[in-house]
Amino acid sequence: MPSSVRVRFAPSPTGTLHVGGARTALFNYLFARRSGGTFVLRSEDTDAARSSREFEQAIQADLRWLGLDWDEGPDTGGPYAPYRQTERADRYALAAARLIEIEAVYPCYCTPEELEAERQRQHARGEAPKYSGKCRELSQARRAANEAQGMKPALRFAMPQRDIYVEDLIRGSVHFPPGSIGDFVVLRSDSMPAYNFAVVVDDSDMEISHVIRADEHLPNTPRQVALFEALELSLPMFAHVSMILAPDHQKLSKRHGATSVSEYRDAGYLPEALVNYLALLGWSPGDDREFFTLPELVAAFSLERASKSPAVFDAEKLRWFNAHYLRALPAAERAALFAQWAAHDERLAQLPELRDPIWLETAAQALSDHVHTLSDVPRELASLLSDDLPVPLADDALRSSQAQALLRELGDIAAREPDPEQFAHATSKDALKSLGGKHGLGGRTLFRPIRVAVTGSEHGIELALLLRLLGPQRVARRIAAALHTQSASGQEPSRLP
RNA sequence: GCCCCCAUCGUCUAGAGGCCUAGGAUACCGCCCUUUCAAGGCGGGGACAGGGAUUCGAAUUCCCUUGGGGGUACCA
């Protein structure tokens with residue numbers, strides 16, 4: 001049997017791509033690629049008030065950034081075009097006509113206000129808020145009268161009163177008892193299809209074999225199943241993956257911080273980190289592997305290993321993945337990214353170092369263990385290079401006469417060797433050690449005063465590398481300033497114990 | 001309210017009746033490495049929601065309770 005797997009990701013372009021949507025898209029993509037099937041992108045844009053082409057474009061850009069490409073879609077076209085619901089009105093009209101013909105639907109003249117009032121009443125009485133079905137029994141005369149008045153009815157599906165079973169690949173057989181679902185709208189009064197109807201028509205038209213979507217759609221599925229059956233269409237397989245929750249176990253929303261893919265891109269996350277992290281939310285490979293490229297995910301993926309329980313989005317772990325991928329980047333690639341991010345920062349944009357590829361590669365290498373996201377880059381570079389940032393401390397480390405003598409000599413070297421290469425050579429690790437030997441300093445008593453003098457901080461990257469990145473002029477300036485600050489603080493030089 | 005789903009360390013998860021004194025990752029803590037901070041290595045604390053039932057034996061099967069989430073729209 002030719003396994004023609006066809007799956008779809010069907011976002012509604014009413015916002016940017018959410019991490020939850022990205023994960024759903026990823027699972028669909030992986031399933032399609034794994035099985036040699038087709039990945040379809042469909043735009044569910046029937047909510048005219050909230051949908052826009054801008055969002056549609058933005059979602060596509062985010063998917064591409066993640067590395068997820070689709071075989072058929074609104075932009076690429078395909079044998080089942082169009083892939084935008086607003087362009088498929090004729091398909092819905094056809095299916096609606098069929099439903100009218102078999103009397104599976106009826107016109108409903110209730111206004112939104114009436115429906116809302118009805119829900120209120122049901123709520124007050126402690127009943128399940130579902131449509132009463134009152135328009136179901138309207139006489140032909142009544143309907144004709146309403147039409148004559150110019151009332152535009154919605155088309156409502158008469159939900160069959162029987163058991164419905166949804167066979168779910170992840171959850172097994174799910175049973176919905178008769179009477180638990182009210183009649184729902186299929187075609188709105190403006191002739192736009194409602195979600196449950198459009199989905200069924202499209203999934204059938206596009207010969208979707210597997211519907212892989214988030215758990216929140218499971219309660220909708222019996223409606224869709226009823227529609228499939230009323231239209232005598234063959235059912236796709238369903239797979240409802242667990243939802244992604246915020247740390248407070250609520251639905252992930254803006255108030256929890258970044259939720260959209262573009263926010264993570266703008267915050268300096270790498271797509272491979274986000275993909276890797278998202279893949280492991282609600283799915284596991286079954287072994288202890290944790291790092292996966294997209295092709296490796298394709299090879300490892302299966303729906304059987306998708307988990308049923310909801311997953312909390314852990315921004316810390318995503319950061320950890322990102323730091324890992326940043327460190328693993330080839331040096332030249334990392335340097336280019338660092339330069340790109342540094343260029344956004346006005347403090348850094350003018351610095352000549354940022355146009356020196358060798359310098360950049362050295363800096364990117366030195367800083368790579370200190371950077372979790374690319375947005376850390378400007379801050380790290382600025383604290384390295386900006387002249388107004390680190391104020392040299394009057395520090396214990398600078399108090400000893402040996403340390404001050406050492407710094408004076410290092411300052412002389414910096415003044416004497418204006419050429420960066422020569423200076424780097426003169427301040428290599430070995431050179432520093434022998435310099436320290438001359439002054440009776442070694443280990444921390446050697447490195448700490450230099451570090452404090454040139455950065456104002458006790459912590460940072462390896463010292464020889466630091467001096468090389470700062471260059472002779474800065475080093476000379478900062479040592480002079482540090483010695484000045486130290487003597488101005490009124491502390492007499494003291495001998496080391 | 002009603003319907004549906006879910007339930008292992010704080011978090012992501014492994015675990016398909018004996019391999020579990022419950023494994024890995026993250027986060028946290030300690031040690032090592034080291035000129036410091038990181039990174040890395042090693043180690044530590046930390047979980048089967050509760051109660052019944054089935055079974056020689058249950059994290060694993062069944063039922064109930066509790067808790068969490070979702071749905072109940074002319075949103076998707």
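Throughout, a chain's letter reflects where its sequence line sits, starting with A, and its residues are numbered from 1.
- Atom CD in A/Glu304 sits about 17 Å away from atom C1' in B/A14, given to the nearest Å.
- Look at A/Ser242 and you won't find any side-chain N or O under 4.0 angstrom from OP1 or OP2 of B/C6.
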Under 3.5 Å, side-chain donor or acceptor atoms of residues 11-18 of chain A against the rest of the protein: list the pairs with distances, not counting sequence neighbours.
from    : atom 1 : to      : atom 2 : distance (Å)
A/Ser12 : OG     : A/Thr14 : OG1    : 3.2
A/His18 : ND1    : A/Gly20 : N      : 3.1

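- Ion pairing between a basic and an acidic side chain is recognised when a charged N comes within 4.0 Å of a carboxylate O; A/Arg162 and A/Glu229 show such pairing.
- A salt bridge links A/Arg84 and A/Glu56; the closest N-O separation between the charged side-chain nitrogens and carboxylate oxygens is under 4.0 Å.
- The partner of B/A7, taking Watson-Crick or G-U wobble pairs whose two distances both stay under 3.5 Å, is B/U66.
- The side chain of A/Arg305 places an N or O atom within less than 4.0 Å of a non-bridging phosphate oxygen (OP1 or OP2) of B/G15.
- When the P atom of B/C3 is taken as reference, atom CD of A/Gln224 falls 21 Å away, rounded to whole Å.
- Salt bridge absent: A/Arg156 and A/Asp183 never bring a charged side-chain N and a carboxylate O closer than 4.0 Å.
- Distance CG (A/Asp168) to C1' (B/C6): 13 Å, rounded to an integer number of Å.
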A correct 5'-to-3' footprint of nucleotides 32-39 of chain B, with B, S and - meaning base, sugar-phosphate only and no protein heavy atom under 4.0 Å, is ---BBBBS

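- With respect to the salt-bridge test (charged N to carboxylate O, under 4.0 angstrom), the residues A/Glu458 and A/Arg451 do not qualify.
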At under 4.0 Å between heavy atoms, which parts of nucleotides 63-76 of chain B does protein reach? Answer with one letter per nucleotide, 5' to 3': B base, S sugar-phosphate only, - none. ------SBSBSBBB

Ignoring hydrogens and angles, write down the donor-acceptor pairs under 3.5 Å from the side chains of residues 427-435 of chain A, residues two or more places apart or on other chains.
from     : atom 1 : to       : atom 2 : distance (Å)
A/Thr427 : OG1    : A/Phe423 : O      : 2.9
A/Ser428 : OG     : A/Ala431 : N      : 3.1
A/Ser434 : OG     : A/Ala431 : O      : 3.1

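- Of the nucleotides present, B/G44 is the one that pairs with B/C28 by Watson-Crick or G-U wobble criteria, both distances under 3.5 Å.
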Indicate every side-chain donor-acceptor pair of residues 311-320 of chain A with a distance under 3.5 Å to a residue at least two apart or in another chain.
from     : atom 1 : to       : atom 2 : distance (Å)
A/Asp314 : OD1    : A/Glu316 : N      : 3.1
A/Arg319 : NH2    : A/His372 : ND1    : 3.3

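- Both distances falling under 3.5 Å, in either a Watson-Crick or a G-U wobble arrangement, occur for no nucleotide opposite B/C33.
- Distance check on atom P: B/G71 versus B/C9 gives 25 Å, rounded to whole Å.
- A/Thr221 comes within 4.0 angstrom of no nucleic acid atom, judged by non-hydrogen atoms across all strands.
- Taking the side chain to side chain donor-acceptor pair (under 3.5 Å) definition, one finds that A/Glu290 meets it with nothing, sequence neighbours left out.
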Worked check of side-chain hydrogen bond (donor to acceptor under 3.5 Å, both in side chains) between A/Gln85 and A/Asp45: CA-CA 6 Å; A/Gln85 289 187 328; A/Asp45 56 351; over 6 Å; no

Under 3.5 Å, N/O pairs linking protein and nucleotides 41-44 of chain B:
none

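- If you take atom P in B/A27 and the same atom in B/A39, they sit 8 Å apart, rounded to whole Å.
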What does the list of N/O pairs under 3.5 Å between the protein and nucleotides 21-25 of chain B look like, with a distance for each?
from  : atom 1 : to       : atom 2 : distance (Å)
B/A25 : O2'    : A/Glu290 : OE1    : 3.0
B/A25 : O2'    : A/Lys317 : NZ     : 3.4
B/A25 : N3     : A/Lys317 : NZ     : 3.0

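- With sequence neighbours left out, the side chain to side chain donor-acceptor pair (under 3.5 Å) criterion links A/Lys251 to A/Glu216.
- Each of A/Ser173 and A/Gly286 lies near RNA chain B, and the nucleotide nearest A/Ser173 is the one positioned closer to the 5' end.
- Between B/C28 and B/A47, the distance separating the two C1' atoms is 16 Å to the nearest Å.
- Pairs engaging residues 190-202 of chain A under the salt bridge (Lys or Arg N to Asp or Glu O under 4.0 Å) rule: A/Arg42-A/Asp202, A/Arg88-A/Asp202 [sequence neighbours left out].
- Across all strands, A/Pro177 comes closer than 4.0 Å only to sugar-phosphate atoms, never to a base (heavy-atom distances).
- One C1' atom belongs to B/C48, the other to B/C20, and the distance between them is 10 Å to the nearest Å.
- Residues that satisfy the salt bridge (charged side-chain N to carboxylate O under 4.0 Å, His left out) test with A/Arg188, not counting sequence neighbours, are absent from this structure.
- Residues A/Glu118 and A/Arg121 are not paired through a salt bridge, judged by the lack of any N-O separation under 4.0 Å between the basic side chain and the carboxylate.
- Looking at A/Glu409 and A/Lys438, a side-chain N of the basic residue comes within less than 4.0 Å of a carboxylate O on the acidic one, giving a salt bridge.
- Map A/Leu280 and A/Arg171 each onto its nearest nucleotide of RNA chain B; the residue landing nearer the 5' end is A/Arg171.
- Looking at residues two or more places apart in sequence or on another chain, you find no side chain to side chain donor-acceptor pair (under 3.5 Å) involving A/Tyr131.
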